[in-house]
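One structure below.
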Amino acid sequence: MSIQMTHRAGPESNPTGSSTTFPEVAEPVLRRVQDTIIAWFEDTARDLPWRHPNTSAWAILVSEIMSQQTPVARVEPRWRAWMDKWPTPADLAAAPTADVLHAWDRLGYPRRALRLQEAAEVIAADLDNRVPETTEELERLPGIGSYTAAAVSSFAFGRKTTVLDTNVRRVLIRLFAGRERPTTSPGRKETAWAAALVPEDKHVEWNAGVMEFGALVCTARNPDCQACPLQDICTWNRLGRPASATKPKTQKWAGTDRQLRGAIMDALKAAHVAGDGRHGVRLDVFTAAVTDFDPALLDSLAESTAAAVARVRELSADQDRINRLISDLVDDGLAQQVDGRLALPNS
DNA sequence: AAGACGGGGAG
DNA sequence: CTCCCAGTCTT
């Protein structure tokens, strides 16, 4: 196939003088990209369980929430267990929040589990236990932003939406704008630009396909350009794959509040499972164990709970800091204080 | 526009 | 040890 572009996408050609950030894409190029991505997807997509026929909209929604900022491979087993336990919104709405947080396991950002249960409550109570189909309605639910709303509307209901996750943004930016990576977050212009690239036919396959392509071929770190069926028209590749000027600032982990919060949550989960009671850990024991580290106090706890509390101490013996984080966790709904105990929330 | 928010695994 | 993952929500 001979590709004759009417004008090349890139900074060097901008006859109209309009923004080159998101250049107009010549129709024949766009058609070839769409056909190629869709064919590639139908041929080589991963066999993810939530892509199976008859997967409920709710199950798809759950998969999307779990996949936020989380590699799909790590989501799969958690998703299976979750859907087995709570197949419908009403099931999740009725579950004890402590169980929900425990089932969330170590997927990260546990507030997502809270928001998901809240969404389930709204769907069960106000929406006849049915997931809404439009992005507008979906975005009103807690924990669902523009990406997840578009994804659920497309993948669960076949509506024509613009799915714009980190993969899609990277693929489109490379192919058509010649840059290595997208900005921190998509703006109005980028969203409108991406929307114009969605085909009328097979838009679901396009949405899922570009995402999958970004996850498997046009990856952030080491893209497999040799295997890319679009390498000849990819603007970024043709420019010699220039590195973006500014690298994203890397987030710290060791020593951060996030790490310590996670360790405290671990202790509460351990207490929940160990049967130190659904009432959690005595706050004075927790505090004393952290500050004074009296082994005798740990003896009053189950072994796994004691280990988790000891881990908190390893990270910090700063009682003020720990008290502040506990207070934050309570405010966030991730923990509760009852009768001098700290525990996972029981509602 | 910038930060906060988890945790893990690949390079 | 750095990077980055099917983002969302709050300053």
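Labels below follow one simple rule: chain letters A, B, ... track the order of the sequence lines, proteins then strands, and each chain is numbered from 1.
Salt bridge annotation for Glu190(A)-Arg169(A): present, with a cationic side-chain nitrogen under 4.0 angstrom from a carboxylate oxygen. With salt bridges taken as basic N to acidic carboxylate O contacts below 4.0 Å, one links Glu76(A) and Arg80(A). With respect to Asp91(A) and Lys85(A), no salt bridge is recorded, no charged nitrogen being found less than 4.0 Å from a carboxylate O. A salt bridge links Asp332(A) with Arg261(A): the distance from a Lys NZ or Arg NE/NH1/NH2 to an Asp or Glu carboxylate oxygen falls below 4.0 Å. A salt bridge does not link Arg341(A) with Asp339(A): every distance from a Lys NZ or Arg NE/NH1/NH2 to an Asp or Glu carboxylate oxygen is 4.0 Å or more.
Residue Leu164(A) is classed as having no contact, given no heavy-atom separation below 4.0 Å to the nucleic acid. At a threshold of 4.0 angstrom between heavy atoms, the contacts of Arg51(A) include nucleobase atoms, whether or not backbone atoms are also involved. Residue-level contact check: Arg221(A) touches the bases, meaning some heavy atom is under 4.0 Å from a base atom. Here Trp104(A) lies out of heavy-atom contact (under 4.0 Å) with every strand. Backbone-only engagement by Arg111(A) is indicated by non-hydrogen atom pairs under 4.0 Å involving sugar-phosphate atoms exclusively. Nucleic acid contact class of Ser146(A) (heavy atoms, under 4.0 Å, all strands): sugar-phosphate only.
Nearest to the side-chain atoms of Met211(A) among the listed nucleotides dA6(C), dC4(C), dG7(B) stands dA6(C). When the nucleotides dG8(B), dG6(B), dC4(C) are ranked by their closest atom to the side chain of Arg106(A), dG8(B) comes out on top. Of the candidates dG7(C), dG7(B), dC5(B), the closest approach to any side-chain atom of Arg258(A) belongs to dC5(B).
At the phosphate of dC5(C), OP1 or OP2 sits under 4.0 Å from a side-chain N or O atom of Thr166(A). The phosphate of dT8(C) (OP1 or OP2) has a side-chain N or O of Thr148(A) nearer than 4.0 angstrom. Contact check, Arg112(A) against dC5(B): no side-chain N or O comes under 4.0 Å of OP1 or OP2. A sub-4.0 Å separation between OP1 or OP2 of dG6(B) and a side-chain N or O of Arg261(A) is present. A sub-4.0 Å separation between OP1 or OP2 of dG7(C) and a side-chain N or O of Gln68(A) is absent. Contact annotation: Lys249(A) side-chain N/O to dG3(B) OP1/OP2 distance is under 4.0 Å. For dC5(C), one of the phosphate oxygens OP1 or OP2 lies less than 4.0 angstrom from a side-chain nitrogen or oxygen of Arg170(A). Proximity of Thr250(A) to the phosphate of dC3(C): a side-chain N or O atom is located under 4.0 Å from OP1 or OP2.
Straight-line distance from the CG atom of Leu216(A) to the P atom of dC4(C): 17 Å, rounded to whole Å. When rounded to the nearest whole Å, the span between CE of Met66(A) and C1' of dG7(B) equals 15 Å. Rounded to an integer number of Å, the gap from Ile65(A) CD1 to dC9(C) P is 8 Å. In this structure, CE of Met265(A) is placed 8 Å from P of dG7(B), rounded to the nearest angstrom. Whole-Å rounding puts the Leu107(A) CG to dG9(B) C1' distance at 14 Å. Remark: P of dA1(B) and CZ of Arg188(A) are 12 Å apart, rounded to the nearest angstrom. Asp328(A) places its CG atom 19 Å from the P atom of dC9(C), with the value rounded to the nearest Å. Atoms OH (Tyr109(A)) and P (dG8(B)) sit 13 Å apart, rounded to a whole Å.
Where Asn222(A) and Gly108(A) meet DNA chain B, the nucleotide closest to each residue was compared, and Gly108(A) sits on the side nearer the 5' end. Comparing Arg115(A) and Ala151(A), the nucleotide of DNA chain C nearest to each residue sits closer to the 5' end for Ala151(A). Comparing Arg74(A) and Leu141(A) by the nucleotide of DNA chain C that holds the closest heavy atom to each, the one mapping nearer the 5' end is Arg74(A). Each of Asp105(A) and Thr184(A) lies near DNA chain B, and the nucleotide nearest Thr184(A) is the one positioned closer to the 5' end.
Nucleotides dA4(B) and dA6(C) are separated by 24 Å at their P atoms, to the nearest Å. Only the P atoms considered, dC9(C) is 24 Å distant from dG8(B), to the nearest whole Å.
Each of Thr162(A), Val163(A), Leu164(A) was checked for a side-chain contact (heavy atoms from CB on, under 4.5 Å) with Tyr147(A), and the lone residue meeting it is Val163(A).
Here Thr97(A) contributes atom OG1 and Leu92(A) contributes atom CG; the two are 8.5 Å apart, rounded to the nearest 0.5 Å.
On a pure distance criterion of 3.5 Å, a polar donor-acceptor pair joins the side chain of Thr70(A) and the base of dG6(B).
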